Amino acid sequence: MLGDFRRELASLFEQRVRELYDLGHIAIVEIPPRRDLGDLALPGALQLARELKRNPREIGEEIAADFPRPDWVSEIKVQGAGFLNVYLDRGRVAAGILSAPLLDAGDRDEKIIVEHTNINPNKAAHIGHLRNAVLGDVLARVLRSLGHQVEVQNYIDDTGVQLADVIVGFLDLRGLSAAEIAALDEPFDFYCWDLYSEVGRWYEEDDARLGYRRQTLRELEHDEGERAEIGHLVAQRIVKRHLETMARLGISYDLLTHESAILGREFFTRAFEQLRERQAIRREEQGKNAGCWVMPLAESEEFAGLEDPDKVIVRSDGTATYVGKDIAYQMWKFGLLGRDFGYRLWEETGLWQTVADDGAEHPPFGTADRVINVIDARQSYLQKVVRVGLERLGFDTQAERSIHFAYEMVSLSTAAARQLGFLTEDDDDEAGGLEMSGRKGIGVKADDLLDQLVDKSREEILARNRELAGPQLEELAVEISTAALRFFMAKATTTRVIAFDFDEALNFEGESGPYLLYSLVRVGNIWRRLAEEGLEAEITPDQVAALPAELWQDDLWDLVYAVAQTGGRVRAAGETLELSLVARHALDLAQKLNALYHKHPILQESDEQMRAVRLATTHVFAAGMRTLCDLLGLPTPERM
RNA sequence: GCGCCGGUAGCUCAAUGGAUAGAGCACCAGACUUCGGAUCUGGCGGUUCGGGGUUCGAGUCCCUGCCGGCGCGCCA
């Protein structure tokens with residue numbers, strides 16, 4: 001709705017400029033910073049001032065005189081230096097919000113693959129992984145709401161060093177058999193968390209032990225022997241735990257892509273043929289990369305200044321590097337490889353996984369128009385190499401549509417690091433906190449944090465003397481904790497490092513998930529009480545449109561207008577990949593609602609029309625807030 | 001050395017190139033015989049890291065310097 005208004009105003013303005021000055025002009029339509037400056041603003045006169053060598057205010061007045069007035073406009077004024085400020089018909093906008101969905105999906109049917117989570121299957125998920133998964137999940141929801149077809153993939157590196165190290169831990173450090181490993185109690189991922197960091201220390205004691213790692217990697221790569229078998233077992237159990245952790249937050253996937261399947265289906269062999277044919281890679285005969293196949297990067301401007309301008313794609317022992325495999329995988333995602341995975345269901349749920357053999361009957365996967373990889377910013381360099389790889393193969397459009405959704409990492413605040421014993425009181429404050437490290441066992445496990453959030457939620461519910469107990473209490477506590485965590489991760493700008501702090505994450509006041517939920521619960525309470533009093537809790541768009549214009553006081557309108565901007569905000573979030581826009585907009589709505597709540601009581605209002613306009617505002621708010629909660633994946637309990 | 005990201009209130013952070021730079025936390029003072037106080041109102045708090053430039057207009061764009069984080073492997 002608002003988008004249409006803006007487009008129409010722009011074209012009317014351009015027409016006026018053409019009539020008056022015979023100039024081609026591209027009109028900008030802005031939302032003014034303050035309410036008294038109108039609802040939409042055109043700063044065109046300021047831009048024209050120079051060209052026409054005239055006072056901008058004068059130009060503004062001239063354009064405003066005889067400016068055509070669409071019926072959704074209530075007033076047009078020239079203000080400030082010459083801004084053309086447009087005031088909307090408030091009731092009409094409110095009624096519009098109640099009569100149509102806030103997000104119009106459009107008719108694009110582009111298929112987008114979103115890859116996220118991607119946790120190494122060798123230890124418990126930590127809070128850094130939660131940032132990735134929440135961003136990926138919200139992104140998928142936003143893209144779907146914009147009408148795209150989205151396939152969510154979670155990449156499992158089940159042949160890499162990290163998994164190998166835990167296998168070494170089980171076999172060579174602990175001396176456990178496969179049966180004993182299978183019999184270990186849950187939480188298995190917690191057990192591995194400790195084992196993994198122990199293996200790191202064990203290697204340091206004696207370099208020769210790294211031989212176990214090499215042997216394990218070899219067996220994993222060829223999928224043969226006891227170590228590979230244990231690798232499957234460990235990866236299976238860990239992935240299961242990761243999926244459970246993510247399910248606690250309402251995060252799910254369409255497909256688990258196993259690196260073992262990429263190897264087993266010889267994806268890289270196929271990619272390698274193409275890379276060689278197109279001369280994107282060359283074999284190095286001498287120097288430090290002798291015997292390797294490398295991709296020369298020197299000629300690309302974006303790699304200017306690299307110490308070593310060549311990226312190794314195939315090692316001297318003939319195996320593919322991570323980047324090599326990733327290029328092959330990326331080609332498959334676009335349907336450029338001419339080869340496919342086998343697929344099988346993951347433990348009989350609706351989730352599929354790739355397998356090396358031919359698998360079972362399955363729905364189609366891959367072959368997307370656009371690929372978005374949610375991977376932290378530390379991997380920007382490698383993601384860039386993957387994209388260049390596609391370019392060198394001649395797939396320019398696909399390279400362009402290979403998007404690295406880069407977000408900054410999560411570190412531990414100094415306070416959190418001290419609480420967990422990773423820093424002592426004597427350690428100096430480290431700027432930006434302490435970096436998490438799975439290898440060193442430094443971090444906050446996702447499930448531990450979620451448990452704390454559930455405890456805190458339960459405590460808060462009980463403090464409000466609700467007669468709630470048993471499963472209902474637990475369900476609500478889980479919903480509130482989910483909202484707290486998801487909102488905490490979603491509100492952060494992606495380009496900023498999060499210094500994780502317990503006090504901040506566990507705070508349910510102010511800018512928090514529970515604050516959002518509470519605002520919706522409040523309007524629900526109003527409606528319920530109205531019904532109890534025998535008053536009307538519903539209102540139709542026609543009734544809203546018929547309300548006298550002067551009833552739409554400024555503060556009510558502020559909220560209505562904010563809701564009207566929801567569609568534009570969500571579109572901007574999807575286009576710029578700055579998902580915090582969605583979270584911040586939700587926060588804005590909640591703050592406005594809560595302010596009104598105290599100022600404009602509904603139940604005690606005796607004037608029927610006054611009550612109706614306030615009631616209409618609550619419905620407009622709920623429409624906006626529910627939409628945003630869905631996008632953010634926040635549950636919306638009726639009471640809390 | 002080169003590249004990417006940050007530097008805004010005591011702290012954590014907002015601000016599609018636009019009008020008087022805003023929130024939350026913390027601190028202080030308040031909120032009607034209240035639709036639930038997980039709330040609200042007010043107060044305190046700013047040389048937007050420094051220096052140039054572009055622009056009618058710069059926290060925002062360009063150049064430069066400084067500070068912090070992260071990358072730049074035959075690891076992933």
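Labels below follow one simple rule: chain letters A, B, ... track the order of the sequence lines, proteins then strands, and each chain is numbered from 1. What you see is a predicted model; the values in this text were computed from it and never measured.
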Problem set entry | For A:E509, all residues meeting salt bridge (charged side-chain N to carboxylate O under 4.0 Å, His left out), sequence neighbours excluded |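 Expected list: none.
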
For this session: Could you tell me which residues satisfy salt bridge (charged side-chain N to carboxylate O under 4.0 Å, His left out) with A:D503, sequence neighbours excluded, listed by chain and number?
Result: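 A:D503 satisfies salt bridge (charged side-chain N to carboxylate O under 4.0 Å, His left out) with no residue once adjacent residues are dropped.
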
Rounding to an integer number of Å, can you tell me how far [X] [atom1] sits from [N] [atom2]?
| X | N | atom1 | atom2 | value |
| --- | --- | --- | --- | --- |
| A:E408 | B:G68 | CD | P | 17 Å |
| A:D555 | B:C40 | CG | P | 15 Å |
| A:F502 | B:U12 | CZ | C1' | 17 Å |
| A:Y407 | B:C70 | OH | P | 16 Å |
| A:L516 | B:A23 | CG | P | 17 Å |
| A:E435 | B:G68 | CD | P | 17 Å |
| A:M409 | B:G6 | CE | P | 14 Å |
| A:R57 | B:A19 | CZ | P | 17 Å |

Anything under 3.5 Å between a protein N or O and an N or O of nucleotides 53-56 of chain B, put it in a table, one pair a line.
from  : atom 1 : to    : atom 2 : distance (Å)
B:C56 : OP1    : A:R50 : NE     : 2.8
B:C56 : OP1    : A:R50 : NH1    : 2.8
B:C56 : OP2    : A:R50 : NH1    : 3.2

Exercise. Is it the case that A:Y196 and A:D165 place a side-chain donor and acceptor less than 3.5 Å from each other?
Worked result: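 Their side chains do not contain a donor-acceptor pair, so the 3.5 Å distance test is not met.
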
Exercise. If you measure only the distance, is there a donor-acceptor pair under 3.5 Å linking the side chains of A:Q379 and A:Y322?
Worked result: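 On atom types as modelled, these side chains qualify, holding a pair under 3.5 Å.
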
At 4.0 Å (heavy atoms only), tell me whether [X] reaches a base, stays on the sugar-phosphate, or touches nothing.
| X | value |
| --- | --- |
| A:E504 | sugar-phosphate |
| A:N85 | base |
| A:A290 | base |
| A:A406 | nothing |

Who pairs with [N] - Watson-Crick or G-U, where each distance is under 3.5 Å:
| N | value |
| --- | --- |
| B:C74 | none |
| B:G46 | none |
| B:G30 | B:C40 |
| B:G24 | B:C11 |
| B:C4 | B:G69 |
| B:C61 | B:G53 |

Could I get the full list of side-chain contact (heavy atoms from CB on, under 4.5 Å) partners for [X], not counting sequence neighbours?
| X | result |
| --- | --- |
| A:E479 | A:E475, A:L476, A:P635, A:P637 |
| A:A415 | A:S413, A:Q419, A:D501 |
| A:L23 | A:V17, A:Y21, A:L48, A:E51, A:L52 |

Exercise. Between B:G7 and A:R496, is there an OP1 or OP2 to side-chain N/O distance shorter than 4.0 Å?
Worked result: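 Yes, such a contact exists.
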
Exercise. Of all residues at least two apart in sequence or in a different chain, which pass the side chain to side chain donor-acceptor pair (under 3.5 Å) check with A:D310?
Worked result: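 Residues passing side chain to side chain donor-acceptor pair (under 3.5 Å) with A:D310: A:R282.
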
For this session: Sequence neighbours left out, what pairs pass salt bridge (Lys or Arg N to Asp or Glu O under 4.0 Å) with at least one residue falling in residues 373-384 of chain A?
Result: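 As it turns out, the salt bridge (Lys or Arg N to Asp or Glu O under 4.0 Å) pairs with a partner in residues 373-384 of chain A, which skip direct neighbours, are A:D376-A:R378, A:R378-A:E435.
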
Problem set entry | Pairs involving residues 583-607 of chain A, ordered by first then second residue, that meet salt bridge (Lys or Arg N to Asp or Glu O under 4.0 Å) (sequence neighbours left out) |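 Qualifying pairs: A:D555-A:K599, A:D588-A:K592, A:E605-A:R614.
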
Exercise. A:P43 or A:N120: which one's nearest nucleotide on RNA chain B is closer to the 5' end?
Worked result: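 It is A:P43 whose nearest nucleotide is closer to the 5' end.
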
Exercise. Between A:Q79 and A:K311, which is nearer to the 5' end of RNA chain B once each is assigned its nearest nucleotide?
Worked result: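 Closer to the 5' end of RNA chain B: A:Q79.
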
Exercise. How does each nucleotide of nucleotides 25-39 of chain B score, in 5' to 3' order, for protein heavy atoms under 4.0 Å: base (B), sugar-phosphate only (S), or none (-)?
Worked result: S--------SBBSBB

Taking the [atom1] atom in each of [N] and [M], what is the distance between them to the nearest angstrom?
| N | M | atom1 | value |
| --- | --- | --- | --- |
| B:C13 | B:G53 | P | 32 Å |
| B:G30 | B:U16 | C1' | 38 Å |
| B:A29 | B:C66 | C1' | 42 Å |
| B:U47 | B:C62 | P | 25 Å |
| B:G22 | B:G43 | P | 13 Å |
| B:A9 | B:C25 | C1' | 12 Å |

Problem set entry | Check ion pair A:R571-A:E575 (N to O, under 4.0 angstrom) |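 Salt bridge: no.
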
For this session: May I ask you to say whether A:E578 pairs ionically with A:R569, meaning some side-chain N is under 4.0 Å from a carboxylate O?
Result: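 Salt bridge flag = no for A:R569 with A:E578.
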
Exercise. Measuring from A:N132:CG to A:I127:CD1, what's the distance to the nearest 0.5 Å?
Worked result: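 It comes to 13.5 Å.
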
Exercise. Under a 4.0 Å heavy-atom cut-off, which of residues 373-387 of chain A touch RNA chain B?
Worked result: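 Going residue by residue through residues 373-387 of chain A, the ones with a heavy atom under 4.0 Å of RNA chain B turn out to be A:R378, A:Y381, A:L382.
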
For this session: Establish whether the base of B:C74 is bridged to the side chain of A:S316 by a donor-acceptor pair shorter than 3.5 Å.
Result: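 Result: at least one qualifying N/O pair found.
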
Exercise. For A:H258, what residues pass the ring-ring contact (aromatic ring centres under 6.0 Å, His included) criterion, not counting sequence neighbours?
Worked result: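 Counting only residues at least two positions away or on another chain, A:H258 forms no ring-ring contact (aromatic ring centres under 6.0 Å, His included).
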
